[in-house]
Peer 1: 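This is the structure I want to talk about, given as structure tokens.
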Protein chains: 2
Amino acid sequence: MSDTNKYVCVSEDSRAISETLGRIGDKWTVLVVGALRHGPLRYNEIRRIVNGISQRMLTLTLKGLEQDGLVTRTIFPTVPPRVDYELTELGRNLIVPLTALYEWAVEHRSAILVARDEFAKKEREAALQPRFATPK
Amino acid sequence: MSDTNKYVCVSEDSRAISETLGRIGDKWTVLVVGALRHGPLRYNEIRRIVNGISQRMLTLTLKGLEQDGLVTRTIFPTVPPRVDYELTELGRNLIVPLTALYEWAVEHRSAILVARDEFAKKEREAALQPRFATPK
DNA sequence: CTGTATCCACTAAGATACTG
DNA sequence: CAGTATCTTAGTGGATACAG
């Protein structure tokens, strides 16, 4: 509403952020949106692309995305039934920041793995240098 | 490593993405990183900024971030003790895509809320147009 | 083919109390 | 101040079976 606080306070906007991230932050949503970035797909096509997703999670994820206006759901009354999912304008828009995150992930993954390794090493060393005794 | 598949397949990279998003995708991590973006903070300072986080979650989140090399933890052996948390190069780097997401969230929040509203409305209508009967 | 419904294991997360 | 430990509860997510 008021534009007086743009970079002021985290807690102010944290509700907005939490809310949005709660939706798009989980891995399935991101992966499904990623799968749809090139065009509409059918239910089982998404399922094949997003490896490891269960029917339940796919259905829930898609429903959530539809609810939030990120994808459209088109039913073709044929037999067997066919349902297409496609990103809306809003959904396509989301791909931009998501791609940024995606690229960050790919680019820095090795750095993270290295950091984890070193952290584990340090922890082990710390465990070997107790001040006096570290009973149980 | 091989560059033959860049935009080919989601399932290929989905492990990398899931892994990374699993770390940075949850709301607390995002909010904590956001809190630290302007400089180092102490434990309880973060706690105040990130409204509603429990001690447990803050500790876990910080430990995770430290583990992955996104923040540093500096202990000042004073009394009372003082511990500063600060973003590393990697962590500061993460702010870029995170800010993009942040801005997307702020910018499109209202659109999402509208979409949710309309979706709910449609559902209600659909419930009023049963084919024959919708017992129970 | 495109879902829904149910059950169940697992985990995440908050509240609370205590420690260095 | 900066955590740790423990308990309990709510939600997540997978497997399976079934329905339109």
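First the proteins, then the strands, lettered A, B, ... as listed; each starts at 1.
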Peer 1: Let me know the distance between CG of D84(A) and C1' of dG3(C), rounded to the nearest Å.
Peer 2: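 Checked: the CG to C1' distance equals 15 Å.
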Peer 1: Report the distance from atom CD1 of I46(A) to atom C1' of dG3(C), rounded to the nearest whole Å.
Peer 2: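 Those two atoms, CD1 and C1', are 13 Å apart.
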Peer 1: Hey, does the side chain of R56(B) come within less than 4.0 Å of dT11(C)'s phosphate (OP1/OP2), counting only N and O?
Peer 2: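 Indeed not, no polar side-chain atom of R56(B) lies that close.
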Peer 1: Could you check how far CG of L62(B) sits from P of dC1(D), rounded to whole Å?
Peer 2: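 Distance, rounded to whole Å: 16 Å.
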Peer 1: Say whether L87(B) and F119(A) are linked into one hydrophobic cluster, either directly or through other cluster members, by side-chain heavy-atom distances under 4.5 angstrom.
Peer 2: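 Unlinked, L87(B) and F119(A) end up in two clusters.
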Peer 1: Within the 4.0 Å heavy-atom criterion, would you say R47(A) contacts the bases, only the backbone, or no part of the nucleic acid?
Peer 2: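 Here R47(A) touches no strand at all.
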Peer 1: For the pair made of CD1 in I53(B) and P in dA12(C), what is the distance, rounded to whole Å?
Peer 2: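 Going from CD1 in I53(B) over to P in dA12(C) covers 15 Å.
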Peer 1: Would one find a side-chain N or O of Y85(A) under 4.0 angstrom from OP1 or OP2 of dG3(C)?
Peer 2: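 Yes, such a contact exists.
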Peer 1: How many whole angstroms separate atom CD of Q55(A) from atom C1' of dT4(C)?
Peer 2: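 The answer, rounded to whole Å, is 9 Å.
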Peer 1: How many Å lie between CG on L41(B) and C1' on dA2(D), as a whole number?
Peer 2: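 So the two atoms are 15 Å apart, to the nearest Å.
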Peer 1: Would you say dG3(D) has OP1 or OP2 under 4.0 Å from some side-chain N or O of K63(B)?
Peer 2: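 No.
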Peer 1: Strictly below 4.0 Å: does R42(A) bring a side-chain N or O up to OP1 or OP2 of dC1(C)?
Peer 2: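 Indeed not, no polar side-chain atom of R42(A) lies that close.
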Peer 1: Pick the nucleotide of DNA chain D nearest each of P81(A) and P80(B); which residue has the one closer to the 5' end?
Peer 2: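 On the 5' side of the pair lies P80(B).
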Peer 1: Identify whether the distance between the nearest side-chain nitrogen and carboxylate oxygen of R92(B) and E89(B) falls below 4.0 Å.
Peer 2: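 E89(B) and R92(B): salt-bridged.
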Peer 1: Please work out if F76(B) contacts a base, only the sugar-phosphate, or nothing of the nucleic acid, heavy-atom cut-off 4.0 Å.
Peer 2: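 If one applies the 4.0 Å heavy-atom cut-off, F76(B) turns out to touch nothing in the nucleic acid.
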Peer 1: What is the distance, to the nearest angstrom, from the CG atom on D26(A) to the C1' atom on dA12(C)?
Peer 2: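 In whole Å, dA12(C) C1' lies 14 Å from D26(A) CG.
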Peer 1: Can you tell me if the side-chain N/O atoms of Y43(A) get under 4.0 Å from OP1 or OP2 in dT4(C)?
Peer 2: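 No, because none of the side-chain N or O atoms of Y43(A) sits under 4.0 Å from OP1 or OP2 of dT4(C).
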Peer 1: Atom CE of M57(B) and atom P of dA12(C): how far apart are they, to the nearest Å?
Peer 2: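 One finds 8 Å between P of dA12(C) and CE of M57(B), rounded.
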Peer 1: Strictly distance-based, threshold 3.5 Å: is any side-chain N or O of R109(A) a donor or acceptor partner for the main-chain N or O of V106(A)?
Peer 2: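 Checking the backbone N and O of V106(A) against the side chain of R109(A), no donor-acceptor pair under 3.5 Å is found.
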Peer 1: Using a 4.0 Å heavy-atom cut-off across all strands, classify K27(A) as base, sugar-phosphate, or nothing.
Peer 2: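 Nothing: the residue K27(A), judged by heavy atoms under 4.0 Å, touches no strand.
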